[in-house]
Structure formats: structure tokens, C-alpha cells
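Below is one structure, written out as C-alpha cells; comments come after it.
For clarity, every value in this text was computed on a predicted model and none was experimentally measured.
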Amino acid sequence: MDYLPLFADLKGRPVLVVGGGDVAARKIELLRRAGAQVHIAARALCPELQALQEEQQVEWLATAFDEAQLDRVFLVIAATDDNALNSRVFEAANARQKLVNVVDDQPKCSFIFPSIVDRSPLVVAISSSGTAPVLARLLREKLEALLPANLGQMAQVAGQWRDKVKQRYSKMSDRRRFWERAFNGLFASQMAAGNLSTAKQTLDNELNGEENNQGEIILVGAGPGDSGLLTLRGLQVMQLADVVLYDHLVSDEVLELVRRDADRICVGKRAGAHSVSQEETNHLLVKLAQQGKRVVRLKGGDPFIFGRGGEELQAARAAGIPFQVVPGVTAAAGATAYAGIPLTHRDYAQSVLFITGHCRADGADIDWPSLARARQTLAIYMGTVKAAEISAALIQHGRAPDTPVAVIGRGTRQDQQVLTGTLEQLDALARSAPTPALLVIGEVVNLHGQLAWFQHSAQQGARESAVVNLA
């Protein structure tokens, strides 16, 4: 171990920074966040530091470094582009047994700045001992994605309960087990959901010996397919799940991100072949949560847009099961973006309507005249089976037969296909597209040729083959 990792208390302690440029400003920002009294020796200050000096947030001691400036400081940082000056600061600090850091010159450092994940009071520091700072930064970015933003507040609450827990449990092992249950149980979930008062009550209940085997249900939108579109919160929740109930629309690459030892249960439905009824899914969600499990309900797209997420949470509410919702990128937003089709554009469409293709057989529940208006975009989910009926009804109610349309099959995935044509060709396009597929109707489809960016060459081939098939 080249460096002993330490966390220094700098609150109210004087620190000297030699240099007044942008690099010095970045170090000073960290020092100020730690509560240090920052003194600066520099010929000039960059605008950021000048503003801080005018606000009396830092003290500009002098325009030149003098060794006497080291006498009353806790540590020193040299952040100049003058190698000779940096060496003089380093030697003078060493002679006085002061901790010193010469920025970007590891041999002249008795301490180094790690990459930091700040969830104060919880702080994670990563260091490569100065050998590969970019690698340390990349690791920090990965940890930033995995560590929830609420960890700091959870640590603060835990700190407020430490004395209570010590009074309740005399053995350290018992205290450790208590906190392990809390940080992996309902308390942690309630904190993540922002239910501070409820979370504190949960701690009190557990501290008083009231066992709580209550699980919870977390509804997570998995997005349209590309795992890169999964939200950070969705990923964090999936890593904590005891059991995951998922749909057929959830892609394999998203499922790969589920915690390895979590149970996985497919409750997906396909048109004409319902593997699990909605009532059975609702019952299973409640049953698993009542067993004390953290149940993640993973749904393609966004769970509240044609995903029956509301129905599932109504079942949870009726059973008294706590729940959370993590929104997802809905198919209409994700698939059209990857296809280069803006849902709105001031030259083509001032509104967009999200519609489900699953409707009553007679179509009586649809306001076709409103849907057939020009200069609006229709994004139709689950519409491939009834594409012919949709096309005929729109044309019958006034939409032009040559209105541009697109069928986006397996949107955002590596095998995405975008088939374009006209409204009167919609049925043929839908029958040629891979599923799941989204139907897009409106003048904005004309922008696909200009704005398509995702696997453009593959999409071009698909369009050409579609034209051939329809000719």
C-alpha cells in the first residue's frame, strides 16, 4: 500500500494554495466543501476565485509565495505551471513537516487527492496511488451510478439512532445485525422513497422489538430495449431485488442487469397467447411481498403508459403492501428517437397522441375524427394486429391515404428495423416488421431519412426491402 487512506477534518483549519488559475480553483472547491479556511498566494486570480475573494469566501494573502506563509497552515497545495516554484513549495513544506500536494506531479506529493463519490456524510474515495488517475475517475463514475443519492440522508438518520441502538443492544454483534437488517430492509426503501418520518418510525418499531416481515413492491420501467436507457434508479433497485417479475417486452440485456441471486419469474403476455393473466400477476405480487420479499415488477417501457402498472399498484394498496414507482423511457419516446423521427416538429406536428391498438372490436371507444386530423403525430402501441382496421378507419374519417407512416420493429435494440411507407400501406408494413413494433403516423415520419442515426445502414436496407415487398 503506497498511501494510507485518511479522511482529514479540515473544518476551520487554514490551508495554503499556491496558484490562482482554474486548476487551483478546482482544488479550492473541494477544500471549501470540507470547511477549510483557504489562503491563496498567486500573481492573479481567475474569475471564479476573484468572485470568491470578493465574497470573502477565500483570503488572497499575497501575489507571491513566501516560505513564512507555511508556518500557520495545516497543509499546502501547489497548483502553478512554474515547475521551479512548485519544487520550492514542496521542499519548504517538507522541511516544516507539512502535508503537501503538487498538482499533477506525484513524486512531489506527501498526500494525493482521490476521486470522490460524495454522499455526505458518507464519502467514498478511490485512488490509484497517482499511477492511473483516469482509471480511478472511471471507477468513480461507475460507483456514482450504483450508489443512490439518498445514502447520505440515510447515514445521517442512522447517526441520530446510534445511541439508541447502543442502549438497546450491548453487544457489538447485535448492533451490527440490527443495522444490516435496517440497511437491507424496509427502512432503506422508505428512505429511498423520501418517506423520512415513516422510515424513522420503522427504526423505532424494530428497536422496540416489533418484527416487521413486510416486503414491498417496486414497479420499474425497463425502457424499450436498449439497456443504456434504463434509469440509474431502476438499476439500483434491480440490484437489491429478492424476486423480479418481468414481461416479454423486457430485453435480455436489461434482464442481465438483475441481481444474480434474485429469483426471476416471467409473467409476460403475448397477443393471443396469455401466459399469465393480469389477476394472477396481481395475486403473485401481493403474495411474494407478504412473504417479506422485495419484489421488483419489471415492465417494458414505462409502467404507467399502457403497462397496467396502475392496476398492479391498486392491488398492492388494497393488500396494504408498500410500493414505489421508477419511471421508464416509454417506447414512443425511445423507439422514435432511435429511428430519427421527432414526435413533434413545428413544421409538421404540434401535438402527439399515444394510443393503444388494443381496443374494442367494434372500435366504438375511439374518437376517429379527432385521430384523423392532420398535423399531429399518432404513436400506436400494440397496433400491428389491427393495422388494417386502423388504416381504413383513419382514411375513412379524413386522413389522407398518402400520409407518411413508419413501423419501428424492436426499437432501440441492435436488430431494430424501421419500415416506412404511406397510410394505405400500413397493414403490409406491420406484417413485415419484427415485434414488438410501434406504429407512427404523421408528417414527421418524413424526417426519418434525414435524422436516422442508430444503425443507419441497416435501417436503409430494411427500407429498401420494404419498398420492394410492397411494389
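Summarising the geometry of S351 relative to T344, their closest heavy-atom pair is C-CG2, 4.2 Å, with the distance given to 0.1 Å. Closest approach of V286 to A319, counting heavy atoms only: CG1-CB, 3.5 Å. Considering all non-hydrogen atoms of both residues, L298 and A222 come closest at CD1-CB, 3.8 Å. In this structure, L249 and P436 approach most closely via the heavy-atom pair CD2-CB, 3.5 Å. Closest heavy-atom contact between A25 and E48: CB-OE1, 3.8 Å. Minimum interatomic distance between A289 and I217 (heavy atoms only, all atoms of both residues): CB-CG1, 3.9 Å.
A donor-acceptor pair is defined here as one N or O able to donate and one able to accept, closer than 3.5 Å; no such pair exists between the side chain of S129 and the backbone of T131. Without hydrogens or angle criteria, Q69 side chain to A64 main chain gives a donor-acceptor distance under 3.5 Å. When atom types are taken as modelled, the side chain of T336 and the backbone of L343 share no donor-acceptor pair closer than 3.5 angstrom. Here the side chain of Q57 pairs no donor or acceptor atom with the backbone of Q53 at under 3.5 angstrom. For the pair R119 (side chain) and N150 (backbone), a donor-acceptor distance under 3.5 Å is absent.
With rounding to the nearest 0.5 angstrom, the CG atom of L203 is 8.5 Å from the NZ atom of K164. Expressed to the nearest 0.5 Å, how far NZ of K293 lies from NZ of K287 amounts to 9.0 Å. Here the OG-CD distance, from S189 to E216, works out to 3.0 Å after rounding to the nearest 0.5 Å. Here the straight-line distance linking atom CG of D105 with atom CD1 of I112 works out to 13.0 Å at 0.5 Å rounding. Between the CG atom in L75 and the CG atom in L70 there is a gap of 10.5 Å [rounded to 0.5 Å]. A distance of 11.5 Å separates CG in D2 from CG in L4, rounded to the nearest 0.5 Å.
Remark: R297 engages D247 in a salt bridge, criterion side-chain N to carboxylate O under 4.0 Å. E29 and R26 are not joined by a salt bridge, as no carboxylate oxygen comes within less than 4.0 angstrom of a charged side-chain nitrogen. Between R294 and D242, no side-chain nitrogen of the basic residue sits less than 4.0 Å from a carboxylate oxygen of the acidic one, so the salt-bridge criterion is not met. The residues E206 and R168 are annotated as not salt-bridged, no charged nitrogen and carboxylate oxygen being separated by less than 4.0 angstrom. One finds a salt bridge joining D261 and R259 here, because a Lys/Arg side-chain nitrogen approaches an Asp/Glu carboxylate oxygen to under 4.0 Å. A salt bridge links R96 with E67: at least one charged nitrogen is closer than 4.0 Å to a carboxylate oxygen.
Counting heavy atoms from C-beta on, the side chains of S128 and P133 come closer than 4.5 Å. A heavy-atom distance below 4.5 Å is found between the side chains of Q153 and L196. Between V267 and L284, the closest side-chain pair of non-hydrogen atoms falls below 4.5 Å. Using a 4.5 Å cut-off on side-chain heavy atoms (C-beta onward), W60 and L45 make contact. Side-chain atoms of I355 and Y381, non-hydrogen and from C-beta on, never get closer than 4.5 Å to each other. Contact check for I126 versus L143: side-chain heavy atoms found under the 4.5 Å cut-off. The shortest distance between side-chain heavy atoms of V250 and K299 does not fall below 4.5 Å. A 4.5 Å side-chain heavy-atom check between C109 and N101 finds at least one atom pair inside the cut-off.
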- Query: Given the rule in the side chain to side chain contact (heavy atoms under 4.5 Å, CB included) test, do F65 and T80 qualify, once you have shown the distances and angles that lead to the verdict?
  - Reply: CA-CA 11 Å; F65 168 69; T80 80; over 6 Å; no
- Run the side chain to side chain contact (heavy atoms under 4.5 Å, CB included) check on V17 and V38 step by step: do they pass? CA-CA 7 Å; V17 177; V38 179; 4.1 Å; yes
- Task: Dump the intermediate steps for side chain to side chain donor-acceptor pair (under 3.5 Å) on S120 and D118, then the final yes or no.
- Result: CA-CA 5 Å; S120 294; D118 189 359; 2.4 Å; yes
- Residue pair V440, I408: steps toward the side chain to side chain contact (heavy atoms under 4.5 Å, CB included) verdict: CA-CA 8 Å; V440 185; I408 308 172; 4.0 Å; yes
- Message: Is there a side chain to side chain contact (heavy atoms under 4.5 Å, CB included) between F454 and V418? Walk through the geometry before answering.
- Response: CA-CA 11 Å; F454 180 69; V418 182; over 6 Å; no
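R264 CZ: more than 12 foreign heavy atoms inside a 6.0 Å radius. No more than 12 heavy-atom neighbours from other residues, nucleotides or ligands sit within 6.0 angstrom of CD on Q56. The local environment of CG in D66 is crowded, with over 12 non-hydrogen atoms from other residues, nucleotides or ligands closer than 6.0 Å. Within 6.0 Å of CG on D174 lie more than 12 heavy atoms contributed by other residues, nucleotides or ligands.
Residues E312 and T281 bring no donor and acceptor atom of their side chains to less than 3.5 Å of each other. Between Q37 and R13, the side chains place no donor N or O within less than 3.5 Å of an acceptor N or O (distance only, hydrogens not considered). Between the side chains of D163 and Q167, no donor N or O sits under 3.5 Å from an acceptor N or O. With no hydrogens or angles considered, a side-chain donor-acceptor pair links R233 and Q324 at under 3.5 Å. Side-chain N/O atoms of E253 and Q414 include no donor and acceptor closer than 3.5 Å.
Applying the ring-ring contact (aromatic ring centres under 6.0 Å, His included) criterion to F178, with sequence neighbours excluded, gives Y169. H345 meets the ring-ring contact (aromatic ring centres under 6.0 Å, His included) test with Y348; sequence neighbours excluded.
Aromatic pair F111/F113: centroids less than 6.0 angstrom apart.
Every pair tested for salt bridge (charged side-chain N to carboxylate O under 4.0 Å, His left out) that includes a residue from residues 326-339 fails, sequence neighbours excluded, so the list is empty.
Using bins of under 30°, 30° to 60° and over 60° for the plane-to-plane angle, the ring pair F183/F187 lands in the tilted bin.
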